Every structure is written in C-alpha cells, then in structure tokens.
2 protein chains.
Amino acid sequence: MLLYRPFEHHLNIELGKHGLYRAEWTILYYLANNESATLVELAHYQRVEKPTMTRIIRSLEESGFIEHIPGKDRREKPMKLTELGKKVYAEVRVTVDRFEQDILEGISEEQQLEAIEVMNAIRNQLISKESGK
Amino acid sequence: MLLYRPFEHHLNIELGKHGLYRAEWTILYYLANNESATLVELAHYQRVEKPTMTRIIRSLEESGFIEHIPGKDRREKPMKLTELGKKVYAEVRVTVDRFEQDILEGISEEQQLEAIEVMNAIRNQLISKESGK
DNA sequence: TATATTAGTTAGCTTAACTAACCATTAACC
DNA sequence: GGTTAATGGTTAGTTAAGCTAACTAATATA
C-alpha cells in the first residue's frame, strides 16, 4: 500500500509524457501480448466491471490505438492494436523499461523473482477467495 | 499492479463492514502507532497533498475517531485518536489481521520478510527519485 | 419456440486524488 | 523591529477510475 502510491504516481508521470493513463497502458500491454481480446476478457484481466472497460476502450479507440475486428459472435467486440497502437506501445515500452530498471537498481534478480512469486501467490489467494463465495 | 487491485478491493470490503474507507484506516493506523501527528506529517506519510488529507481528517473527526489537540504553533493542527477511535482501531485490527493471515497462507515467513524488504527498497528508490529532482 | 444467458452500453454516483488560490501564523532578513 | 518568506491548513473546482442499476442485442438452452 505504501509502495503502490508512489509507484503509481511515478508511472503516471512517465505515461503522461505519452498522453496515456495507467488503465489504458495496461490494456495496450495486454493486447501487445495477446493479439486480440474481447471487452469481457479485458475486464476480467484487469478485475474491473464492464462499464469501466467500456470507457477505457472507447478512449483508446478514439486515440486510434486499438480497433475492433469483426468476429463470429456478433455480440462480442474483439479488439486489437492498430499499427499506430503497436508503434506507441513500443515507444512507451522503452520509457517504462528504463523506469523499472531504475527503481529495481540494487536489488538482485533472485530477490526480484522471489518477491514476484510471493505477490502472485497472494493474488491467487485473493482471487480464489472471490470466486469461492 | 495486478496485485493491488484485488487487494484493495478485498480490504475495502473488510473495512466497509466497519464503515471505514481505506484512506481513513491508514490514518487510524498511523495515529495508533504515533500518538499525535499534524496534517502535514500525515500527508507526507501517505504521500498525498494537503487538501486530500484535510478531507480525510475532517471525515474522521466527524465520525469522532480523532480530535485535535492544541499545540504551541497555532498554525498547526496536531491530531490524536479519541477513546472511540482507539476502540474502533482495535476492533478493525482484528478483522484486518485475520484477512492478512488469510491471504498469506502458505507463504513462509522468510519469504514474506524478503518480499517486504524488496518492496521497501523500491519505495525508497521512488521517494529519493522524487526529492532528487 | 420461448426463455435464459452473455456481451456490451448508458446513466448516474462515489472515492480519492490533483492544482490553484487563498488566509493565518510564525520565521527569517535586512 | 518591521517587512518579507515560508509554513500549515482550507476552499473551490477538476479528474481518473472505479461502482451499481437498468437496459439492448445476440446467442444458447430447455
């Protein structure tokens, strides 16, 4: 908690240089690694409700970073990165990589991996708590 | 980031049972461990701006959980827990402790401590980045 | 075929942050 | 010692990012 506030603050500053919000960046990230995804899939990934994702997607669409491709199921709205989206992602990636490298300075890779493992374990615990209700 | 969302969500549910918000809980926590603190001190601790803290404090004051004690410097407004505040803190503490124990199940103490250490290191890096500008 | 489920949207609300501009009080400087 | 700086706090107004409730359109199921 004490970590998250300054972390988000700095990340937002980095992203702000590219005119992006944190919530948008996360979606670009997902689509850069998954080719295409529907709104529900993205909402589930981010653990937010559908209306929240509707808004994020609309904003990214208006910026021309993502577009929807037609699918079989006409209810669904699968989204993918546009060429512009891919370009911007790559650019921001550089900034974010440098930022991450910066804040992880002096922490051994081993320690990093272990910390990530712990966090994943907690996350899974939290999520299973949710569905187990 | 992927951890924080579900974590905050669940913590908010736990706190909601006591009619508290996360931001308020953090201040109760600080005052339970520090006797008294001014608005600026609390804002610095939480890494938020003064107006944000003004609002949180007002809400806690209206709930009767904290009160301000007069100090020498008449600009300052040192706050401390009321008897009610202490009581509520102790109660919520129990819920939050159980919650934490729950999500840390199956993670060795050693791993927990190391993860905390890593997070503190990152936090310090972030904060020093701030002041070093 | 009628009903239930799923995908997504709209409308309206809330929390928790921010900046800019301000007042009161104390500290610092010639 | 009086003017100017800095510090502590508040008010007003804005924003991002989430939520629920209620809805439409399309597909699945009984």
Side-chain angles (χ1 to χ4, degrees), chain A residues 1-16 18-28 36-63 66-79 130, chain B residues 1-16 18-28 36-63 66-79 130:
Chain A
M1 209 141 77
L2 289 175
L3 169 59
Y4 186 74
R5 286 262 323 127
F7 174 77
E8 184 179 34
H9 177 70
H10 280 279
L11 182 59
N12 265 332
I13 290 174
E14 298 297 329
L15 293 176
H18 299 270
L20 275 175
Y21 298 118
R22 199 216 67 229
E24 295 174 353
W25 166 247
T26 314
I27 298 313
L28 286 191
S36 85
T38 66
L39 184 146
V40 166
E41 189 179 339
L42 291 169
H44 189 254
Y45 167 67
Q46 269 265 283
R47 309 247 121 211
V48 298
E49 298 302 320
K50 293 182 294 175
T52 305
M53 195 47 68
T54 297
R55 201 171 23 70
I56 297 171
I57 280 181
R58 183 165 43 225
S59 168
L60 283 170
E61 237 180 322
E62 280 167 7
S63 303
I66 65 176
E67 64 191 347
H68 61 269
I69 49 182
K72 302 167 210 171
D73 190 332
R74 277 192 298 171
R75 285 171 308 181
E76 290 182 345
K77 195 175 170 182
M79 311 294 304
E130 243 164 70
Chain B
M1 209 142 74
L2 290 176
L3 169 59
Y4 186 73
R5 286 262 322 126
F7 174 76
E8 185 179 33
H9 177 69
H10 280 279
L11 182 59
N12 265 331
I13 289 174
E14 298 298 328
L15 292 177
H18 300 269
L20 275 175
Y21 297 118
R22 199 215 69 231
E24 295 173 355
W25 165 248
T26 314
I27 298 314
L28 286 191
S36 85
T38 66
L39 185 145
V40 164
E41 189 180 339
L42 291 170
H44 191 254
Y45 167 67
Q46 270 266 285
R47 308 246 121 213
V48 298
E49 298 301 320
K50 293 182 293 174
T52 305
M53 197 47 68
T54 297
R55 200 177 21 73
I56 297 171
I57 280 180
R58 182 165 44 225
S59 168
L60 282 170
E61 236 180 323
E62 279 166 8
S63 302
I66 65 177
E67 64 190 350
H68 62 268
I69 48 182
K72 302 166 211 173
D73 190 333
R74 276 193 298 170
R75 286 170 307 179
E76 290 182 346
K77 194 178 175 182
M79 311 296 304
E130 244 163 69

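Nothing here was measured: the structure is a model prediction, and the numbers come from that model. The figures here come from the full heavy-atom set of this structure, side chains too, leaving out hydrogens, waters and symmetry mates. Proteins come first, then strands; the chains are lettered A, B, ... in the order of their sequence lines, and each starts at number 1.
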Polar pair under 3.5 Å, donor/acceptor by atom type, side chain Lys50(B), base dG9(D): yes
Please report the distance, rounded to the nearest Å, between OH in Tyr4(B) and P in dA16(D). 19 Å
What is the glycosidic conformation of dA5(D): syn, defined as within 90° of 0, or anti? syn
CD of Glu24(A) to CG of Leu60(A), rounded to nearest 0.5 Å, is 4.5 Å
Atom pair distance, as rounded to whole Å: CD in Gln46(A) and P in dA16(D): 16 Å
Nearest whole angstrom, please: distance from the P of dT11(D) to the CZ of Arg55(B). 13 Å
In the strands shown, is dT11(D) matched to any nucleotide by a Watson-Crick or G-U wobble pair with both distances under 3.5 Å, and which? dA20(C)
Neighbour count above 12 (heavy atom, 6.0 Å) for His44(A) NE2: no
Between Ser63(B) and Ser59(B) (side chain of the first, backbone of the second, donor and acceptor by atom type, cut-off under 3.5 Å), is there such a pair? yes
Specify the separation, in whole Å, of atom CD of Glu49(A) and atom C1' of dA17(D). 13 Å
Report the distance from atom NZ of Lys77(A) to atom C1' of dT27(D), rounded to the nearest whole Å. 18 Å
Ignoring hydrogens, what is the shortest heavy-atom contact between Glu14(A) and His18(A)? Give both atom names and the distance. O-CD2, 3.5 Å
Closest-nucleotide mapping onto DNA chain C: is Glu24(B) or Glu41(A) further toward the 5' terminus? I mean the 5' end. Glu41(A)
Hey, does the side chain of Arg22(A) reach the backbone of Asn12(A) with a donor-acceptor pair shorter than 3.5 angstrom? no
Comparing Tyr21(A) with Pro78(B), nearest DNA chain D nucleotide closer to 5' gives the residue Pro78(B)
Within residues 66-74 of chain A: residues closer than 4.0 Å to DNA chain D (heavy atoms): Lys72(A), Asp73(A), Arg74(A)
In this structure, CD of Glu67(A) is separated from OG of Ser36(A) (nearest 0.5 Å) by 11.5 Å
Hey, does the side chain of Arg22(A) come within less than 4.0 Å of dG18(D)'s phosphate (OP1/OP2), counting only N and O? yes
In whole angstrom, what separates Leu39(B)'s CG from dG9(D)'s P? 5 Å
Interface limits on DNA chain C, where chain B has a heavy atom under 4.0 Å of a nucleotide atom: dT15(C) to dT26(C)
Can you tell me the distance, in whole Å, between the CD1 atom of Ile56(A) and the P atom of dT15(D)? 18 Å
For dC19(D), does either OP1 or OP2 sit under 4.0 Å from a side-chain N or O belonging to Arg5(B)? yes
What's the CG-P distance between Leu11(A) and dA17(D), to the nearest Å? 11 Å
Roughly how far, to the nearest 0.5 Å, is the CG atom of Leu42(B) from the OG1 atom of Thr26(B)? 10.5 Å
Which distance, rounded to the nearest 0.5 Å, do you find between the CD of Glu61(A) and the CD1 of Ile56(A)? 13.0 Å
Who is the Watson-Crick or G-U wobble partner of dA5(D), with both distances under 3.5 Å? none
Nearest heavy-atom contact between Gln46(B) and Arg5(A) is O-NE, 3.6 Å
Separation between OG1 of Thr38(B) and CE of Met53(B), rounded to the nearest 0.5 Å: 10.0 Å
